[in-house]
Amino acid sequence: RREIADAAVRVFDRLGFQRATISAVAQEMGVDRSTLYYYIASKEELFDEVVRTVVERNLDLVRRISSSRVHPRRKLRDMIVSLMVSYGEHYPLFYIYIRENLSHVSDARSDWSREMRSMNRETTEAMIAVIEEGFADGSFRRVGTAQVVAYGIFGIIGWTHRWFRPQESAVSAEEIGQTYAEMILSGLESPY
């Protein structure tokens, strides 16, 4: 099943989710298409299962960091680095997921889409709460609303897919996350 998932990610990345097929995954693996149907029912089922695992893992990371007793600066730094590391570890899967429009999935996948949006919302809300915590204790300057700051952070990390390829990059996902954290925190940290 892991081999199927890995082959599917390569196909989804190369062809995009809409153009990908079970036949293309089978060809990628060098097996007959009927062999795959023994393990999976559809490309949607495969995509949804693999993506859910990553989204759940990222949500768990953010929850754990958010509920820790460390300073808001450390929480935000840890969130940024952890999410970037996760994206690097699951490259290109998470970037494929970012490209998909969850509001336009088939009716059969609407429950999955709602669940993914709910987890995304919870991840965002956890980051917003940390930023608000930093505003409240004076460690972050109010450069804008916590929501806008959080969306900006996710945008910076999400845009990385345009140029970051872990196998080709001279810098690791962790180094990129640390750079992003430094840039963002330098703009947020109160001089007091």
Side-chain angles (χ1 to χ4, degrees), residues 1-64 79-124 127 151 153-180:
R1 213 164 161 87
R2 180 75 250 162
E3 289 175 36
I4 295 170
D6 290 344
V9 167
R10 290 190 300 273
V11 170
F12 292 144
D13 187 41
R14 188 172 61 247
L15 300 178
F17 177 75
Q18 296 301 324
R19 291 183 32 226
T21 63
I22 294 296
S23 295
V25 175
Q27 186 176 12
E28 179 78 17
M29 294 182 69
V31 300
D32 186 70
R33 182 179 67 160
S34 60
T35 303
L36 294 185
Y37 283 114
Y38 177 78
Y39 297 98
I40 57 165
S42 66
K43 75 173 183 180
E44 291 82 6
E45 174 191 301
L46 180 59
F47 180 81
D48 295 357
E49 178 184 316
V50 174
V51 166
R52 176 181 281 112
T53 302
V54 177
V55 172
E56 287 173 344
R57 180 179 182 270
N58 287 347
L59 177 55
D60 287 342
L61 279 169
V62 169
R63 280 179 180 155
R64 196 171 38 239
M79 281 183 183
I80 293 166
V81 173
S82 295
L83 288 171
M84 190 60 223
V85 167
S86 176
Y87 295 167
E89 287 173 352
H90 298 100
Y91 181 87
L93 177 65
F94 208 76
Y95 294 120
I96 296 166
Y97 169 66
I98 289 170
R99 292 189 312 232
E100 294 303 313
N101 185 343
L102 296 180
S103 63
H104 294 98
V105 298
S106 66
D107 287 341
R109 295 176 67 215
S110 60
D111 288 342
W112 174 83
S113 176
R114 263 191 304 281
E115 186 181 352
M116 293 300 100
R117 286 186 303 222
S118 175
M119 285 192 273
N120 289 341
R121 197 169 28 261
E122 192 175 341
T123 300
T124 302
M127 185 176 286
Y151 286 162
I153 292 168
F154 285 115
I156 290 168
I157 295 169
W159 192 257
T160 306
H161 81 278
R162 303 287 291 193
W163 58 270
F164 176 64
R165 305 287 181 273
Q167 306 84 347
E168 302 166 8
S169 181
V171 293
S172 69
E174 183 173 6
E175 290 170 299
I176 293 167
Q178 290 169 348
T179 300
Y180 288 167

Task: Any pair counted as salt bridge (charged side-chain N to carboxylate O under 4.0 Å, His left out), so long as it reaches residues 26-36, sequence neighbours left out - done: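 Listed once each, the pairs are Arg10-Glu28, Arg14-Glu28.
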
Close side-chain approach of [X] to [Y], heavy-atom, < 4.5 Å:
X: Ile153; Y: Tyr180; value: no
X: Gln27; Y: Ser23; value: no
X: Phe154; Y: Thr123; value: yes
X: Asn58; Y: Tyr87; value: yes

Using the side-chain contact (heavy atoms from CB on, under 4.5 Å) criterion, which residues pair with [X]? Sequence neighbours excluded.
X: Glu174; answer: Val81, Val85, Ser172, Gln178
X: Arg52; answer: Glu56, Trp112, Glu115, Met116, Met119
X: Glu3; answer: Met29

Is the backbone N or O of [Y] less than 3.5 Å from a side-chain atom of [X], with the two atoms forming a donor-acceptor pair by type?
X: Thr160; Y: Ile157; result: yes
X: Thr124; Y: Asn120; result: yes
X: Thr179; Y: Glu175; result: yes

Would you name the heavy atoms of [X] and [Y] that are closest together and state the gap between them?
X: Ala5; Y: Val50; result: CB-CG2, 3.6 Å
X: Ala8; Y: Val25; result: CA-CG2, 3.9 Å
X: Ala20; Y: Lys43; result: O-NZ, 2.8 Å
X: Ala24; Y: Leu15; result: CB-CD1, 4.0 Å
X: Ala173; Y: Gly88; result: CB-CA, 3.9 Å
X: Leu61; Y: Ser86; result: CD1-CB, 4.5 Å

- [ ] Start with the C-alpha gap between Ser118 and Arg114, add the side-chain angles, then the distance that decides, and say whether side chain to side chain contact (heavy atoms under 4.5 Å, CB included) holds.
- [x] CA-CA 6 Å; Ser118 175; Arg114 263 191 304 281; over 6 Å; no

TODO: Could you check Asp60 against Arg63 for salt bridge (Lys or Arg N to Asp or Glu O under 4.0 Å), going step by step and ending with a plain yes or no?
DONE: CA-CA 5 Å; Asp60 287 342; Arg63 280 179 180 155; 3.5 Å; yes

Task: Pairing residues for Tyr91 by the ring pair (Phe, Tyr, Trp, His ring centres under 6.0 Å) criterion, not counting sequence neighbours - done: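 Tyr95.
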
Task: Residues forming a ring pair (Phe, Tyr, Trp, His ring centres under 6.0 Å) with His90, sequence neighbours excluded - done: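 Ring pair (Phe, Tyr, Trp, His ring centres under 6.0 Å) list for His90, sorted by chain: empty.
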
- [ ] Walk me through it: do Val51 and Phe12 pass the test side chain to side chain contact (heavy atoms under 4.5 Å, CB included)?
- [x] CA-CA 12 Å; Val51 166; Phe12 292 144; over 6 Å; no

Atom [atom1] of [X] and atom [atom2] of [Y]: how far apart are they, to the nearest 0.5 Å?
X: Glu122; Y: Leu59; atom1: CD; atom2: CG; result: 4.5 Å
X: Met79; Y: Arg64; atom1: CE; atom2: CZ; result: 11.0 Å
X: Ile4; Y: Leu36; atom1: CD1; atom2: CG; result: 5.0 Å

Task: Atom OH of Tyr37: over 12 foreign heavy atoms under 6.0 Å - done: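 Result for OH/Tyr37: enclosed.
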
